[in-house]
Amino acid sequence: MKILVLGHKGMLGSDLTAKLGINHEVVGKDIDDFDISSAADCRDVVAEAGPEAVVNAAAYTDVDGCETEEDLCFRVNAEGVRNVAAACRKKNSRLVHFSTDYVFDGTKGEPYVEEDPANPISAYGRSKLQGEIYLRESAADFLLVRTAWLYGKKGRNFVKAIVARAREKEKLEVVNDQFGSPTYTVDLAGAVKILLEGKFSGIYHITNRGSCSWYEFAQKILEISDLREVEIKPISTEELARRALRPRYSVMSCGKFHAASRKTLRFWQIALNDYISSDEQLK
Ligand SMILES: NC(=O)c1ccc[n+]([C@@H]2O[C@H](COP(=O)([O-])OP(=O)(O)OC[C@H]3O[C@@H](n4cnc5c(N)ncnc54)[C@H](OP(=O)(O)O)[C@@H]3O)[C@@H](O)[C@H]2O)c1
C-alpha cells in the first residue's frame, strides 16, 4: 500500500513512518513541505503522492500555546483536517487522523467510550473537536484515533522533561489530581498499522493499558531512570496554574479497539520501561 504520512517529523509521525514503512511504501511530508492550513497545499501533496491512505499526524500540539494562539490552532487542528479530508475525498484515499482525550471535560468519573459526548474545556480541545466534526462531515473514508499523554523519541515530552529536571537536581512538583493513560508512540503506531491493514473505519480510543496521575507517572519515570533519590512533591492543578484547563479524569476505554483487533496495548509501566531503556539520552 502507498501511504502518505503528514507530520512525519513529529513525535507520533516519525514512529508511524518507521512502523508502516516495514510493509508499505511510505512518503512523508511536514511543515517545510506544505502548510496543512492551505487547502491548495493539501490538494497538491495528496495528488502528487497518489496514496491509498493518508495518515495525518500534523497538528498544533502546544496545549497552553493554543490559549494565546487560538486562530493558528484552529487553522491547523480544524481547518487543516477539513483540507486534508477534502483532498482525500477527491483522490479516493482513506484518511487516518488523530484526536485527543482533551475533547472530553473529565467529569465522567469512568473511562470514556467512543460514543460519549465531547465537551472540551480548552482551546486545544475545541480545535481538535472541530477537526473531528469536519472529518465526519467530509464523507471521506476515515479512521479517527483518539489517544492521550503521548511520549516518544522525537521532540519534547513529559518523560524527557522529568528526567532532565531530576538530573539538574531540581525539586519536582507534579500534579496529582489529573488522571490519564500515558501512551508510547511506538505502541500506538503498531495499533494504527493493524487497523489500517484491517481496513477498519470509524472512531477508536487507543492508549497503553492502565492509568495514573501525572505525579504517579513522574514517580515511575524516576524509579525506572534510577533517580529515586530526587524529591518529588504532589501538587494540585490550582497550585500549578497553567494557562489551559485540563480534564481531571480523561482515561479512555479501548474496548472497541480490542473487540476489532483482538489486541490490547501493553500496560503503560511496561511500555515506559521499554522506552527509557531503549533511549540513549534517557538511560
Ligand atoms: N502529544 C500528545 O500528548 C498527544 C495526545 C493526544 C493526541 N495527540 C495527537 O496526536 C497527533 C500527533 O501529535 P504529536 O505529539 O506527535 O505532534 P508533534 O510532535 O507536535 O508533531 C506534529 C507535526 O506537525 C507539524 N506541523 C505543525 N503545524 C503544521 C502545519 N501548519 N502544516 C504542516 N505541518 C505542521 C509539526 O511541525 P513543527 O514541530 O515544526 O511545528 C510537527 O512536525 C496530533 O493530532 C495530536 O493532536 C497528541
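Whatever order the structure lists them in is the order used to number ligands and atoms, beginning at 1. Below, all heavy atoms of this structure are taken into account, side chains as well, without hydrogens, waters or symmetry copies. All residue numbers in this chain count up from 1 along the given sequence.
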Quick one: do [X] and [Y] make a salt bridge, cutoff under 4.0 Å?
{"X": "Glu70", "Y": "Arg126", "value": "yes"}
{"X": "Asp274", "Y": "Arg266", "value": "yes"}
{"X": "Glu48", "Y": "Lys91", "value": "no"}
{"X": "Glu132", "Y": "Lys128", "value": "no"}
{"X": "Asp64", "Y": "Arg246", "value": "yes"}
{"X": "Glu137", "Y": "Arg89", "value": "no"}

Proximity winner for atom 7 (C) of ligand 1, if only heavy atoms of Ser14, Ala148, Ser99 are counted: Ser99

Of the listed options Gly13, Ala57, Cys42, Gly80, closest to atom 23 (C) of ligand 1 (non-hydrogen atoms):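 Answer by nearest heavy atom: Ala57.
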
Sort out for me which residue in [options] forms a side chain to side chain contact (heavy atoms under 4.5 Å, CB included) with [X].
{"X": "Phe34", "options": "Val46, Leu6, Asp44", "answer": "Leu6"}
{"X": "Ile36", "options": "Asn56, Val81, Asn83, Asn77", "answer": "Asn56"}
{"X": "Trp214", "options": "Val174, Asp177, Ile162, Asn176", "answer": "Val174"}
{"X": "Asp187", "options": "Val192, Ile270, Leu265", "answer": "Leu265"}

Could you tell me whether [X] and ligand 1 have an N or O pair separated by under 3.5 Å?
{"X": "Met11", "value": "yes"}
{"X": "Ser37", "value": "no"}
{"X": "His97", "value": "no"}
{"X": "Val76", "value": "no"}
{"X": "Asn56", "value": "no"}
{"X": "Ala58", "value": "no"}

Considering heavy atoms of the protein only, find what lies nearest to [atom] and give residue, atom and distance to 0.1 Å.
{"atom": "atom 16 (O) of ligand 1", "result": "Leu12 N, 2.8 Å"}
{"atom": "atom 29 (C) of ligand 1", "result": "Ile31 CD1, 3.5 Å"}
{"atom": "atom 6 (C) of ligand 1", "result": "Thr147 O, 3.2 Å"}
{"atom": "atom 3 (O) of ligand 1", "result": "Leu150 N, 3.0 Å"}
{"atom": "atom 37 (O) of ligand 1", "result": "Asp30 OD1, 3.5 Å"}
{"atom": "atom 46 (C) of ligand 1", "result": "Tyr124 OH, 3.5 Å"}
{"atom": "atom 44 (C) of ligand 1", "result": "Ala59 CB, 3.5 Å"}
{"atom": "atom 17 (O) of ligand 1", "result": "Thr61 CG2, 3.4 Å"}

For Ser250, enumerate each residue passing the side chain to side chain donor-acceptor pair (under 3.5 Å) test, keeping only those at least two apart in sequence or located in another chain.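 Once residues adjacent in sequence are excluded, the partners of Ser250 under the side chain to side chain donor-acceptor pair (under 3.5 Å) criterion are Asp101.
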
Suppose the criterion is salt bridge (charged side-chain N to carboxylate O under 4.0 Å, His left out): which pairs have a residue in residues 214-229, not counting sequence neighbours? Lys169-Glu229, Lys220-Glu223, Asp226-Arg228

Is the closest heavy-atom distance from Tyr60 to ligand 1 below 4.0 Å?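 Checking ligand 1 against Tyr60, which is what was asked, there is no heavy-atom contact under 4.0 Å.
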
Tyr151: heavy atom below 4.0 Å from ligand 1, yes or no?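 No, Tyr151 has no heavy atom closer than 4.0 Å to ligand 1.
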
Please confirm whether Phe257 and Tyr204 have ring centers closer than 6.0 angstrom.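 Ring centres of Tyr204 and Phe257 not closer than 6.0 Å.
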
Give the atom numbers and elements of ligand 1 that come within less than 4.0 Å of a heavy atom of [X].
{"X": "Gly10", "answer": "19 (O), 21 (O), 43 (O)"}
{"X": "Phe34", "answer": "32 (N), 33 (C)"}
{"X": "Lys128", "answer": "44 (C), 45 (O), 46 (C), 47 (O)"}
{"X": "Ile36", "answer": "30 (C), 31 (N), 32 (N), 33 (C)"}

Check against side-chain contact (heavy atoms from CB on, under 4.5 Å), Leu150 and Asn157: CA-CA 7 Å; Leu150 294 183; Asn157 66 51; over 6 Å; no

Among Tyr184, Tyr151, Phe217, Tyr215, the one residue meeting ring pair (Phe, Tyr, Trp, His ring centres under 6.0 Å) with Phe158: Phe217

Do you see a protein non-hydrogen atom under 4.0 Å from atom 31 (N) of ligand 1?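 So atom 31 (N) of ligand 1 has protein heavy-atom neighbours under 4.0 Å.
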
Is the closest protein non-hydrogen atom to atom 39 (O) of ligand 1 under 4.0 Å?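 No.
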
Should the proximity of Phe158 to ligand 1, defined as any heavy atom under 4.0 Å, be assigned to the side chain, the backbone, both, or neither?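 Within the 4.0 Å criterion, Phe158 makes no contact with ligand 1.
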
